[in-house]
Amino acid sequence: MLSAVPLAVRPHFAVSTVTCRAHHTRWSEPDPGGAHRLVLVRRGRFRRWADGVEADLDPTMAYLAAPGEEERFAHPAGGDLCTSVVVSPRLWDGPWTGTTVYVDARVDLAHRRLLAAARGGDVDYALTEELLGLVAAATGHRQGRPTNLADRALVAAAREAIVTDHPDAAGLCPLAALLGASPYRLSRVFSREMGVSLTRYRNRVRVGRVLRHIENMESGEGTAHGLAALAADLGFADQAHLTRTVREHLGHTPTALRRLLGRRGRGPTAITR
């Protein structure tokens with residue numbers, strides 16, 4: 001039920017696509033980790049238990065695994081597709097402790113740039129530089145550990161409603177009513193636990209959908225769905241609002257992103273914070 005396809009392998013790193021087709025609510029048997037790994041979710045959702053700490057993973061949350069951690073996994077939402085990045089201490093001498101990582105839009109773009117570099121074939125320079133940029137961005141976006149189970153459950157429920165596009169997630173007040181919390185408490189707890197506001201998190205999810213749309217267009221899998229129609233589908237006021245939000249999160253317009261994510265003319269992207 002678990003398969004891995006190598007995208008790039010060198011003595012000091014390995015990048016793989018990992019597909020899981022499991023569907024179970026129970027925790028898997030413990031598995032001691034043996035490497036420094038960054039795992040980013042491309043599609044789907046699942047849960048991870050590591051050294052007594054549980055985490056909900058989806059395309060907005062990744063995790064760093066440290067050697068020796070005991071891991072368990074559960075897949076109540078079905079299968080998922082991930083990118084696994086294994087690095088050696090010789091390649092990366094920066095901070096690395098097992099933890100959950102908030103994948104903001106810039107980390108998401110760095111992830112997609114890594115996958116585009118893997119398709120380009122220049123493993124020793126282009127892909128390696130993209131990999132180092134991705135790891136640097138991800139290790140600088142760690143999530144604070146939740147202070148109590150109730151707050152953690154509230155944040156997880158809010159994230160799930162936003163990621164799954166629940167109708168009540170279109171506004172803060174209806175989302176709070178859906179979750180049985182006051183808007184003030186939901187906003188305060190979410191900002192404290194995630195390190196970003198609910199507004200920014202929702203926009204980050206929408207920017208991720210814009211990136212996916214652009215990638216599909218570049219690969220020929222998309223349709224002639226214009227940005228104005230996409231803006232309406234994603235709940236933006238208009239195309240200009242979509243463009244402003246994308247630029248705010250990524251520093252690029254949708255037009256520039258088409259060039260960045262295309263097969264030609266790629267160079268490493270600086271990730272600024």
Side-chain angles (χ1 to χ4, degrees), residues 4-10 12-19 36-44 57-64 80-87 91-92 94 96 101-142 200 203-222 227 230 242-243 245-273:
V5 177
L7 299 179
V9 179
R10 289 295 185 267
H12 302 300
F13 69 82
V15 181
S16 304
T17 293
V18 180
T19 304
H36 291 87
R37 296 185 346 267
L38 167 64
V39 178
L40 302 109
V41 184
R42 293 194 225 168
R43 185 174 66 246
L57 287 309
D58 58 47
T60 66
M61 299 298 297
Y63 68 87
L64 294 166
D80 54 79
L81 180 70
C82 298
T83 299
S84 174
V85 179
V86 177
V87 301
L91 180 76
W92 180 256
W96 193 294
V101 173
Y102 170 53
V103 181
D104 73 3
R106 289 180 182 266
V107 177
D108 188 13
L109 178 59
H111 178 200
R112 294 170 191 269
R113 293 273 293 172
L114 174 70
L115 298 177
R119 294 192 297 270
D122 184 0
V123 173
D124 295 302
Y125 277 89
L127 183 140
T128 302
E129 287 193 311
E130 297 291 357
L131 183 150
L132 291 171
L134 169 61
V135 172
T139 54
H141 289 77
R142 300 183 184 187
R200 189 163 184 85
N203 280 337
R204 180 264 171 273
V205 171
R206 295 196 290 180
V207 168
R209 290 170 181 162
V210 173
L211 285 170
R212 185 164 60 247
H213 172 80
I214 291 171
E215 282 185 326
N216 289 341
M217 292 294 293
E218 289 300 296
S219 66
E221 297 176 5
L227 286 179
L230 180 65
L242 179 151
T243 298
T245 302
V246 169
R247 185 188 290 116
E248 176 191 353
H249 280 250
L250 294 172
H252 301 287
T253 65
T255 300
L257 289 170
R258 290 196 65 176
R259 293 193 297 270
L260 285 172
L261 294 172
R263 291 180 176 273
R264 296 185 297 276
R266 286 195 308 268
T269 300
I271 304 297
T272 58
R273 297 177 57 197

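Between T243 and T255, the closest side-chain pair of non-hydrogen atoms is not below 4.5 Å. Between V41 and M61, every side-chain heavy-atom pair lies at or beyond the 4.5 Å cut-off. Inter-residue side-chain proximity for L261 and R112 is flagged as met; some heavy-atom pair is nearer than 4.5 Å. Using a 4.5 Å heavy-atom threshold, the side chains of Y63 and L40 count as separate. Using a 4.5 Å heavy-atom threshold, the side chains of T253 and L257 count as separate. Counting heavy atoms from C-beta outward, H111 and R106 have side chains that stay 4.5 Å or more apart. Looking at L127 and F13, their side chains come closer than 4.5 Å, going by heavy atoms from C-beta outward.
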- Could you go through the side chain to side chain contact (heavy atoms under 4.5 Å, CB included) check for E130 and L115 one step at a time? CA-CA 9 Å; E130 297 291 357; L115 298 177; over 6 Å; no
- Trace of the side chain to side chain contact (heavy atoms under 4.5 Å, CB included) decision for V107 with Y102: CA-CA 9 Å; V107 177; Y102 170 53; over 6 Å; no
- Item | Intermediate values then yes/no, side chain to side chain contact (heavy atoms under 4.5 Å, CB included), L250 and D108 | CA-CA 10 Å; L250 294 172; D108 188 13; over 6 Å; no
- Task: Could you go through the salt bridge (charged side-chain N to carboxylate O under 4.0 Å, His left out) check for R200 and E248 one step at a time?
- Result: CA-CA 10 Å; R200 189 163 184 85; E248 176 191 353; 3.1 Å; yes
- Intermediate values then yes/no, side chain to side chain contact (heavy atoms under 4.5 Å, CB included), L227 and L230: CA-CA 5 Å; L227 286 179; L230 180 65; 4.1 Å; yes
- Let me see the working for T83 and R42 under side-chain hydrogen bond (donor to acceptor under 3.5 Å, both in side chains), right down to the final yes or no. CA-CA 7 Å; T83 299; R42 293 194 225 168; 2.8 Å; yes
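Partners of R206 by salt bridge (Lys or Arg N to Asp or Glu O under 4.0 Å), not counting sequence neighbours: none found. By the ring-ring contact (aromatic ring centres under 6.0 Å, His included) test, H249 pairs with no residue at all, sequence neighbours left out. For S84, the side chain to side chain contact (heavy atoms under 4.5 Å, CB included) test picks out V18, R37, V39, V86, with sequence neighbours left out.
Checked against L38 for a side chain to side chain contact (heavy atoms under 4.5 Å, CB included), the options V87, L131, L134 give a single hit: L134.
The shortest non-hydrogen separation linking P254 to L242 is CG-CD2, 3.9 Å. The two residues L64 and V101 make their nearest non-hydrogen contact at CG-CG2, 3.7 Å. Listed here is the closest heavy atom pair of P59 and G44: CD-O, 3.6 Å.
A distance of 9.0 Å separates CG of D122 from CD of E129, quoted to the nearest 0.5 Å. Here the CZ atom belonging to R43 is positioned 5.0 Å from the CG atom belonging to L81, to the nearest 0.5 angstrom. Here the straight-line distance linking atom CG of L109 with atom CG of L114 works out to 11.5 Å at 0.5 Å rounding.
Around CZ of R10, the count of heavy atoms belonging to other residues, nucleotides or ligands within 6.0 Å exceeds 12.
Judged by distance alone, with hydrogens and angles left aside, the side-chain atoms of T19 form no donor-acceptor pair with the main-chain N or O of D80 at under 3.5 Å.
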